[in-house]
Structure formats: C-alpha cells, structure tokens
Amino acid sequence: MNFEVLDKFNVEIIKKENSFEKIRVESSNLCDLLNFLKNSAEFNFDRLNTIIAIDLVDNFELIYDLHSINTSQYARISVIIDRNSPKIPSIIEIFKSAYYDECEIFDLFGIEFTNNQNLKRLFMPKGWVGYPLRKDYKQTDERLSWNEK
Amino acid sequence: MTKNRLKINIGPQHPSTHGVLRLVLELEGEIIKSCEPVIGYLHRGMEKMAENRTYLQYLPIVDRIDYLSGFFNSFAYCNAVENLAQIEVSKRSQYIRVLTMEMNRLSSHLLWLGTFLLDMGATSPLFYTFRDREVILSLFEELTGQRLMYNYYTFGGLRHDVSDDWLDKVGDFVKIMPKKIQDYEDIITNNPIFTTRTKNIGVLSKNSTLQYSITGPNLRATGIRVDYRNSKQETGNKEHNSHGLGYLVYPELDFEIPTAKTGDSFDRYKVRVEEMKVCLKLISQCIDWLKSNTGEIISPIKQHLLKVPEGEFISNVEAPRGVCSCYVKSDGSGNPYRVKWRTGSFYAVQILPKLLENTFYPDLMAIFGSLDVILPEVDR
Amino acid sequence: MEYLYFLYIDFLHKYNLPEFIGMATFPLLPFCMVAAALILVVLFLVLMERKVLAFFTQRKGPNRVGPWGLFQTIADAIKLLCKENITPTGAEKFMFNLAPLLAFVPVMVVWGLIPFSSEFDFMSYSVSALLFMTIASIPTLGILLAGYASNNKYSLIGSFRSVAQAISYELPLVFVLVSIVVLASSLNLRQIVLAQISVYPFCGWFIFPAFLGFLIFFICATAELNRCPFDLPEAESELVSGYNTEYSGMKFAFFFLAEYAMMFIMCAFMATLFLGGFLSPFGFYLSERFIHNDLLAQVLVYFEQVFWLFLKTFFLIFCMMLVRATLPRLKSNQLMGFAWKVLLPLSFLNLFFICCYKYFIYAK
Amino acid sequence: MMKKSLKPFRDIIALALGHLTVFKHVFKRPVTLEYPEKKLPLNDNFRGEHALVVDNEGKLLCTACGTCQRVCPSFETIEIEKEKNESGKFYPKNYTIDLNKCIFCGNCVQYCPFGAIIMTKEYELADEKKSALKLDINTLKKNYSDSIIKKTVKSKR
C-alpha cells in the first residue's frame with residue numbers, strides 16, 4: 001500500500017518484526033484519517049473490523065482494524081492516549097459498528113469517547129467500580145471470590 | 001405518546017433468545033416500535049483470563065467463547081500464536097484442521113437451522129437436524145475426547161493423528177448427508193408459510209451490513225461475495241497481506257462461495273443451507289487428501305514452556321457466525337500481554353434495533369433467528 | 001334403545017329395585033358414560049399426540065410409565081393435581097379462577113351433541129349443528145379472561161390474538177357448515193349423518209361434493225383449536241406459553257384438558273359432517289353380517305357405530321398432528337389475511353357450488 | 001403474470017411434499033438412546049474422571065514434578081504434597097484434583113512427562129456434596145484399578 005498520501009494527517013508508520021505494520025496517528029487527526037481511508041478510491045476501507053484497546057501501563061493504545069471488501073486490504077491505525085485523561089473522539093459517525101466497540105472499551109478500560117452520546121457499561125453491572133481490563137485493576141468484590149461452603 | 005405502548009422484556013430467560021439476551025421492546029399492538037438489547041449476562045472475562053495464564057493454559061478456555069464452533073476459536077488463537085512465535089504447521093495438520101473446522105461449521109449450521117425453524121414454529125426439523133448433528137458430535141468425541149470443548153489443536157500441530165477408520169466414518173457420513181439436507185429443504189424451502197414469513201423481512205442492505213460490520217453468511221446473503229477462506233476474491237487485487245485471506249490450505253481446495261441477493265431472512269437461510277453443501281464438498285476433498293498422504297502432526301515444540309517473542313498479531317477466521325478475529329500481543333514472557341476477541345454475533349446484536357423497528361412481533365423470531373446470534377460469543 | 005331400557009329394568013329387578021329408579025337413572029347413564037369416555041379419550045389423546053410426534057421425529061416418545069408409556073398421562077395428571085395452585089399477586093382473582101372453568105364446561109356440553117350412533121345420543125335437538133357452533137365458541141371467552149386476569153403481558157398478547165383469530169375463523173367455518181346443512185336439508189346432526197347413507201359404500205359422504213369445504217373446515221378447525229400452525233395464542237417462541245403462562249396445577253390442567261377434548265370433539269364433528277359420522281365405510285355393519293343373534297347384533301351395531309366414528313375421528317386427529325409436526329407458525333397479520341382474503345371467498349365459492357350441486361344433481 | 005397465477009398450485013405441492021417428508025420418518029427406526037439403561041460407546045480418547053496410574057508393583061508413576069499444575073487452565077485444581085522417599089526420589093504424599101474447578105480439558109494427561117495420570121471413561125460424577133468431588137490420592141488410585149477391572153481403559157506400561 002502506498003501510504004505517502006497520508007502524510008498530510010501527520011502519520012507515522014511503524015514496522016516491527018513479528019508484528020503487523022501500524023499507522024500511528026494523533027487522536028486529533030483520527031476522524032479525518034478514517035474518513036479519508038474510508039472514502040478514497042485507492043484505499044476504500046469500508047469495514048471496521050474491531051477496535052482493540054491495550055493498556056501499556058503508562059498510556060493506552062487503541063488499534064482500529066480496518067478491512068476493505070473491494071481491495072482485500074487491511075490497515076491498522078494506532079492511537080496513543082494519555083492514561084490520566086483517557087479521552088478520544090468517537091468514530092460512530094464514520095463507522096456505526098464502532099458503537100458497541102466503544103461502549104465495551106469504555107466499560108472495560110474507562111476510556112471516554114467524546115461525542116458518543118449513549119456511552120454505557122455494556123458488560124459490567126451498573127455501578128461497578130473500576131475498569132477490569134486495566135493492568136492495575138484489583139478485584140475487590142468479595143461476592144465474586146470462590147467460596148466453598 | 002407512550003400511552004398506548006406496551007413495554008415488554010424478551011429475556012434474559014426466554015425460549016427464543018438462545019441464551020441470556022434481554023431485549024426491551026416497546027410494542028404498539030403487535031408492532032415493535034423500539035428495541036434495546038441488553039447484554040452482559042454471560043460475561044466471563046475471557047480477555048482478562050488470558051492475562052494471568054500461560055499461552056497453553058489459555059488454550060482450552062478459548063473453546064468456550066463459541067461453544068458451538070470451538071475449533072474456529074481454537075484455530076484463531078493458535079494461528080495468532082504460531083505466527084508470533086513463527087512455528088511451522090505441517091501440511092497434514094493443516095488438512096486435519098480444515099476437515100475438523102468444516103465439520104464444525106456443518107454442525108453449527110445444523111443447530112442453527114433446527115432452532116431457527118423451531119422459533120418459527122416448525123417442530124420436526126429440529127429433531128432431524130439434531131439427529132444429524134449428533135453424528136458429527138460423536139465423531140468429534142471419538143477424535144478429540146469431548147463433544148463440544150475439543151481442545152484438540154496445539155501450537156504448531158494437533159494432539160493426535162486421525163485414523164483411517166475415523167476418516168471412513170466421516171466419509172460415510174458425507175455420503176448420506178446430502179439426502180438429509182434435501183429433506184430439510186423439502187420440508188421448508190418452498191413452504192408458503194415459511195417464505196411469506198421470511199421473504200422481505202429483516203432486509204439488510206449492502207451498505208448497512210458494512211456499516212455495522214456484519215460478516216459471515218449474513219454478509220454474503222446481501223450479495224457481497226466475501227469469504228476469508230477464499231484468497232481468490234472476485235473483485236480484489238491479488239496482493240493481499242500474507243495473513244488473513246486464504247488461510248490454511250483453503251487455496252488448494254476447490255469450492256465456491258454461495259451468495260444471495262436481497263439480504264432478507266430467507267436469503268440468510270438459503271445461504272447457510274448452501275454453505276452446508278459446500279462444507280460437505282470440502283470435507284470429502286480433505287478426506288481424499290488425508291487418505292493418500294501421510295505426515296507428522298505432533299508439534300516439535302514444548303507447549304508448556306512456550307515463550308513467544310515480542311510482537312502483536314491479528315488472525316482472522318471465517319467462523320460460522322462471521323469473522324472471528326483474535327488479537328494477541330506478546331511482551332516476550334510466557335503469558336499473553338493482551339488478547340482481544342472479535343466475534344460475529346457481537347455486531348449482529350448491535351444491528352437488531354435497526355432491523356426490528358416497525359416490524360411485527362412475530363418477525364422478531366424470523367429476524368433474530370436468522371442472524372444466528374449466540375450469546376457466549378457476544379459477551380465473551 | 002327400548003331394548004336397552006328393558007335390559008336395564010330387568011337388571012334392576014334382579015336386585016329387587018323398583019322400576020321408577022330405573023326410569024330416573026336411565027337417562028343419566030349415557031351422560032356418565034359420555035363424561036367418563038371423554039376423560040379417558042383425552043388422557044389417551046395426550047399420549048397419542050406425544051407418541052405420534054415422536055414417531056414423526058424418529059424418537060420413542062413416553063415409554064417409562066407402564067407398558068409403552070401408557071400411564072404417562074395419568075402420572076402427569078396426578079402430578080398436576082398435586083401441584084400448588086398459584087395465583088399471581090396482581091391477578092383479578094375471581095376472573096382468574098373463572099377462566100379455566102369457562103374454557104372447560106362448554107366442552108363437556110358440546111360433547112353430548114355429537115351423535116355417536118343412530119339411536120344413542122345424549123342431546124338431540126333439531127338445531128344441534130347450530131347449537132354446537134354456538135357453544136363451541138365459548139372457550140375463547142375463557143382464554144380472553146385468562147389473559148386479561150393473569151396480569152402478564154405475554155398472556156395479554158396471547159389472549160387478544162386468540163380472540164381475533166376466533167372471530168375471523170368462525171365465519172368460514174359457519175359458511176361451510178351452511179353448505180352441509182343445505183346438502184342434508186337438516187340442522188340436526190343425526191339427520192345430517194343419515195343423509196349420507198347411499199347405495200354404494202361411502203360414496204354418499206359429504207366429503208365428495210364438498211371437498212373444498214372439508215379443507216376449509218379442517219383449516220378453520222385447526223385455527224379454532226389454537227393448534228399449530230395457528231397456535232399464536234400460545235406461541236412458545238414468542239409468548240413463552242401465551243394465555244396460560246401464569247396458570248399452574250389443576251387450573252392449568254383444566255385448560256389442557258379443554259384443549260385436547262375440544263380437539264377430539266372438533267374432529268368428531270368433522271367426521272360427522274363430512275365422513276359419514278357413525279356410518280360404516282363398507283355400507284353394512286360387520287356385526288349385522290357376522291352375528292346371527294338378532295338381538296345381540298342390534299345392540300352391537302350401536303357399539304360398532306361408535307367405533308367407526310372414533311376411527312374416523314382419530315384419523316382426522318392424526319392428520320392434525322402431521323400438520324403440527326410439519327408447518328411453521330403463521331404470523332398474526334398473515335393469519336388474518338388468510339382468513340379474510342382466502343378462506344372466506346373460498347367458503348362462499350363452496351356454498352355456491354354446493355347449492356348448484358344440490359339443485360341440479362342431488363335433488364333428482 | 002403466468003407465474004403468479006401458478007403460485008397457489010406450487011404452494012400446495014410444496015406443502016404436500018413437506019407433509020410427505022415428515023410422514024416418511026414414521027417408518028424409520030427411532031434414534032433415541034434410553035440413557036440410563038443404554039449408553040453410548042466411548043472410545044479411548046474420552047476425557048472423564050481422572051485416575052493415577054499404578055505400576056505392577058503397586059507404585060505410582062507420578063514423581064510430583066508439578067507439570068500438570070502448570071498446564072492446568074483453572075487455578076488451584078490440582079494440589080500435590082511432595083515428599084522424598086528413601087532412594088531420594090520425589091513421590092506425591094497426597095494428590096488432589098478438585099472436580100468442582102476442573103474443566104476436563106485433558107491438558108494434565110497430555111503433557112504429563114511420565115504418563116502418570118490418565119482419564120477414565122467415568123462421566124457420571126454428580127453428587128450431593130461438593131466435597132465428594134474432591135478426589136484425593138486414594139480415590140485416584142482406586143479409579144485406576146476400577147477402570148482396569150471394567151476394561152474401560154488400556155493399561156499403560
């Protein structure tokens with residue numbers, strides 16, 4: 001794939017051994033980049049496979065896994081978010097399937113998606129304390145421990 | 001405004017939600033005005049579990065993500081780890097993996113067919129499909145030791161080889177199966193009650209399937225010929241990524257991908273039935289290869305001492321309910337740093353409110369049933 | 001009939017009982033027999049349904065209680081009797097308790113209207129066919145009450161579906177009945193059966209001129225009985241159990257009994273109207289032919305007639321079970337459309353055809 | 001137009017075909033298995049209750065190495081108390097498997113370097129008490145001898 005077109009979005013292309021290549025982008029440019037990738041004829045990434053959130057201890061990484069039906073291509077867009085104020089613009093305007101993904105990440109990582117109005121906890125019960133998939137999460141609810149009686 | 005509306009809870013325990021899904025419906029007479037799915041009743045923390053287990057310890061748990069098609073999840077995970085650790089998989093084990101996965105797809109579709117028709121009110125197809133599924137499960141039990149939670153794949157191979165005796169049994173099954181599929185079609189395909197209930201009901205347009213990331217047979221029912229098994233995409237360019245499309249030995253096998261046109265419930269039914277026939281075709285090809293070729297299947301690496309070098313990988317598998325992606329990130333230790341599962345049903349639930357709006361209450365079963373949602377896969 | 005009466009009086013005389021006791025109790029005897037027969041038949045029917053459905057799906061069906069599972073339904077009935085009767089807190093208590101009775105009692109009444117043999121029926125009125133239709137539609141009221149009173153949304157939807165269904169399917173049903181009445185020139189069910197006697201065996205049955213009518217009647221009867229594919233009021237995949245979701249124990253058993261009894265009676269009614277009721281399909285009665293004792297043969301003929309009626313009824317029930325095993329459920333709007341757009345015009349057509357037939361051919 | 005007028009007939013044919021297909025199953029033999037009396041034949045791969053292999057001299061093959069603990073996907077399922085015998089080799093003083101937590105994946109059997117643990121074909125494990133599902137070393141030994149007697153397992157070594 002020819003990524004030179006993407007320079008205007010201030011991207012950084014990361015290649016590593018044993019890994020797929022990622023396009024690193026600032027969170028402010030994310031929506032524009034995705035819009036471009038979706039609509040340009042060359043890339044035409046029309047399906048968002050999934051959003052993957054990773055806790056990198058110091059900060060969070062979000063990987064947007066894009067697939068193209070027409071050109072059979074893949075792209076992975078990575079965004080790094082600050083751990084102390086985890087906020088990122090929502091992309092449900094571009095890909096509607098992102099809604100559940102964003103809710104899931106909000107639920108399990110506590111990353112807030114701005115302008116996603118109906119952000120809710122998807123899996124965990126209402127009023128659950130903490131975000132389970134963070135590395136520093138500690139199980140505090142005693143009801144969940146295995147008690148033999 | 002909501003004065004004449006009846007708010008009704010479908011689930012969490014309800015005969016037709018196939019698990020513990022709760023749908024909050026607002027009815028106006030028999031017309032559904034709004035629908036809100038509530039999920040999470042079956043959340044087991046599959047992704048958290050991976051973080052404090054070794055790669056091998058996590059492997060048996062993976063089967064439980066979608067208990068009806070355990071091989072697919074197992075393969076997606078194994079494939080990711082194998083790619084990260086650069087473990088070669090022998091040809092024979094690849095063929096056995098294809099064989100078992102296609103049988104698994106067949107059994108999964110059979111169960112879907114039975115329960116879908118039961119939701120629609122036809123009782124006897126359920127028993128016929130379960131009768132035939134039972135044969136597959138018995139074969140699996142003979143091969144792997146259990147009926148649903150197989151734990152058969154290992155990193156770089158399989159637990160043990162298949163015997164010729166077993167292959168003969170599968171061959172016999174493949175021979176009788178087309179007749180049985182014909183039986184189901186006789187009972188249901190042209191049945192006027194069934195067709196009027198499903199045709200033009202729950203229509204998914206091409207655009208909205210992609211927007212909502214619906215994959216698998218649901219996507220193909222709209223006419224988009226996309227199948228991750230097939231590397232020979234019709235409109236695609238030939239240079240695809242080395243992973244992804246056309247995994248395992250699928251490029252060597254001869255099969256076509258069934259599609260339909262309109263993307264309504266009937267087409268989803270039709271695509272799945274056709275897919276069952278394709279499965280039979282693939283199975284018989286695999287049997288032929290396996291009978292004429294021998295090879296090593298036991299992986300040379302020490303499974304329980306496996307350490308995976310740093311890196312990350314996404315493996316995409318065409319599971320019966322859509323693309324199953326497994327993301328594995330390794331930090332070089334014996335435990336995976338992060339595992340993320342992407343399953344087809346998760347997105348199928350998301351589209352329900354859109355599909356159900358302004359449909360009749362009985363259409364709920366025709367639509368929801370045809371999407372083939374399974375709840376452990378949604379909640380993980 | 002008189003012969004039977006004298007036998008009974010003789011029997012009483014043996015035990016030195018006065019004749020007026022015989023006079024008083026003799027009319028009650030058929031009632032007791034009929035009521036007992038109904039319960040037995042229903043118990044058997046439930047078993048038959050389960051067995052037949054099992055055979056259709058390559059299973060064995062109930063086979064644990066008694067030989068071939070014969071006592072399974074009896075065990076089930078005892079279980080239901082022993083269960084606790086639960087009334088939901090939000091329910092209308094009076095109506096909640098009334099509903100099962102309202103569903104069950106008309107069934108018992110209607111049962112007596114069926115002519116079991118040429119002499120032997122419990123209630124014979126000149127308008128019994130019309131009476132049958134009238135009383136047979138009362139159980140729907142029970143279902144409506146059950147859904148309304150049990151304070152459950154599933155039940156409510158089930159009951160209003162049931163009423164809509166009953167109203168729309170009653171109409172074609174009655175029009176087909178009218179065509180039969182035209183053919184037989186009588187509203188008395190026994191007369192309808194006797195009108196089906198012909199020179200050739202079974203050629204006089206009304207199913208032959210009114211085959212279309214028979215099909216319509218069969219479909220409408222299935223709908224009236226809320227059986228698959230018209231089982232919308234209790235569609236288990238949508239409404240859990242429909243109108244009887246909240247019922248348990250004996251009250252549920254009443255609904256259950258009423259449903260199966262009504263199924264049997266409806267099929268018997270259909271056999272009476274179309275399949276020559278108690279008439280033998282051979283044109284003669286076997287006991288007449290093979291037993292040379294005149295008096296005994298006369299009595300046996302009555303029982304043989306009951307046998308033929310039951311045989312035809314069970315054949316129809318078997319057909320209903322086959323339909324249940326095969327077809328998926330209809331959708332509510334589809335169901336109404338089918339009744340008003342297809343069945344009603346067809347029943348008019350049937351009536352028109354029968355009138356022509358009666359005028360040009362049958363009357364001659 | 002022509003096609004549409006034929007639709008009712010095609011519908012009736014389809015309905016008749018459906019009923020016929022269901023009806024023909026009456027003549028087929030039932031596939032039901034009456035469970036407690038008859039049971040499905042199980043093959044040697046079956047993953048049932050565990051057993052510890054005892055050799056001909058009545059000694060356990062287990063050396064308490066702990067591999068089974070390390071490959072077990074559920075935590076604290078297998079507990080081993082190890083001890084040294086006179087000749088300096090380790091042996092398990094006590095070996096418990098908690099079936100409440102076991103998921104019967106068969107990893108312990110697969111990766112045991114000595115073939116010391118096997119899975120029998122016993123699968124009717126329901127019990128009233130949770131404690132009955134905690135198998136200690138004696139039960140595991142007994143399971144092995146039982147399964148040898150019942151010939152439900154091949155004798156290893």
Side-chain angles (χ1 to χ4, degrees), chain B residues 5-11 13-18 23 25-27 29-32 114-132 134 180 183 186-189 191-199 201 265 269 359-369, chain C residues 49-50 52-61 147 151-165 219 222-223 226-242 245 320-338 341-342:
Chain B
R5 288 191 178 178
L6 186 67
K7 209 166 193 179
I8 194 164
N9 267 313
I10 307 291
Q13 272 84 36
H14 191 271
S16 66
T17 51
H18 301 216
L23 296 171
L25 299 183
E26 267 188 20
L27 296 179
E30 289 240 343
I31 296 170
I32 298 168
T115 48
F116 174 48
L117 294 175
L118 187 71
D119 283 353
M120 306 280 287
T123 41
S124 41
L126 174 86
F127 294 101
Y128 302 152
T129 54
F130 267 67
R131 173 197 66 196
D132 300 335
E134 200 60 28
K180 305 273 167 92
D183 269 5
D186 282 348
I187 297 172
I188 222 72
T189 305
N191 188 310
I193 299 175
F194 180 73
T195 47
T196 40
R197 272 199 73 176
T198 51
K199 275 191 177 162
I201 299 293
S265 290
Y269 157 79
T359 54
F360 279 88
Y361 181 40
D363 288 342
L364 168 70
M365 280 77 225
I367 295 168
F368 182 67
Chain C
E49 166 119 56
R50 293 171 68 175
V52 167
L53 282 180
F55 289 147
F56 282 142
T57 51
Q58 283 186 274
R59 291 178 292 128
K60 283 180 179 153
N151 189 27
N152 180 320
K153 286 165 185 173
Y154 293 124
S155 307
L156 189 64
I157 296 174
S159 67
F160 69 60
R161 275 182 182 183
S162 164
V163 173
Q165 189 174 321
I219 292 167
T222 322
N226 299 331
R227 276 183 67 79
C228 210
F230 303 97
D231 59 347
L232 288 164
E234 43 190 320
E236 85 280 341
S237 63
E238 297 153 27
L239 301 177
V240 186
S241 186
T245 308
M320 274 194 177
M321 285 169 186
L322 180 58
V323 169
R324 176 183 169 171
T326 315
L327 294 182
R329 192 176 298 116
L330 273 97
K331 212 163 77 179
S332 43
N333 56 341
Q334 207 179 338
L335 177 104
M336 305 295 260
F338 186 60
K341 287 181 200 158
V342 182

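Since the structure is predicted, the reported quantities are computational estimates derived from the model, not experimental observations. Protein chains get the first letters and strands the later ones, always in sequence-line order, with residue 1 at the start of each.
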Which atoms of [X] are under 4.5 Å from chain C, going by heavy atoms: the side chain, the backbone, both sets, or neither?
X	value
B:M365	side chain
B:L25	neither
B:Y128	side chain
B:I10	both

Going by side chain to side chain donor-acceptor pair (under 3.5 Å), name the residues that satisfy it together with C:Y154, two or more places apart in sequence or in a different chain.
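Listed in chain order: nothing, the list is empty.
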Rounded to the nearest 0.5 Å, how far does [atom2] of [Y] lie from [atom1] of [X]?
X	Y	atom1	atom2	result
C:R329	B:I193	CZ	CD1	11.0 Å
C:R59	B:F127	CZ	CZ	4.0 Å
B:I8	C:I157	CD1	CD1	4.0 Å
C:L327	B:M120	CG	CE	12.0 Å
C:T326	B:D186	OG1	CG	12.0 Å

Salt bridge (Lys or Arg N to Asp or Glu O under 4.0 Å) against B:D183, all qualifying residues, sequence neighbours excluded
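Testing B:D183 for salt bridge (Lys or Arg N to Asp or Glu O under 4.0 Å), a comparison that skips the adjacent residues, returns D:K24.
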Proximity breakdown for C:F338 and chain B, heavy-atom pairs closer than 4.5 Å:
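C:F338 has no heavy atom closer than 4.5 Å to chain B.
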B:I201 and C:K331: side-chain contact (heavy atoms from CB on, under 4.5 Å), yes or no, with the steps?
CA-CA 12 Å; B:I201 299 293; C:K331 212 163 77 179; 3.7 Å; yes
With side chain to side chain contact (heavy atoms under 4.5 Å, CB included) as the test, pick out the partner of C:P328 among B:N191, B:L117, B:D119.
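Among B:N191, B:L117, B:D119, the one meeting side chain to side chain contact (heavy atoms under 4.5 Å, CB included) with C:P328 is B:N191.
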If we count only N and O atoms by modelled type, under 3.5 Å, do the side chains of B:R197 and C:Q334 hold a donor and an acceptor together?
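C:Q334 and B:R197 do not have a side-chain donor-acceptor pair below 3.5 Å.
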Please give me the minimum heavy-atom distance between B:P125 and C:A325, naming the atom from each residue.
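So the minimum-distance heavy-atom pair works out to CD-O, 4.5 Å.
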At a heavy-atom distance under 4.5 Å, which candidate from B:F194, B:F360, B:F130 has the highest pair count against chain C?
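Of the options given, most contacts go to B:F360.
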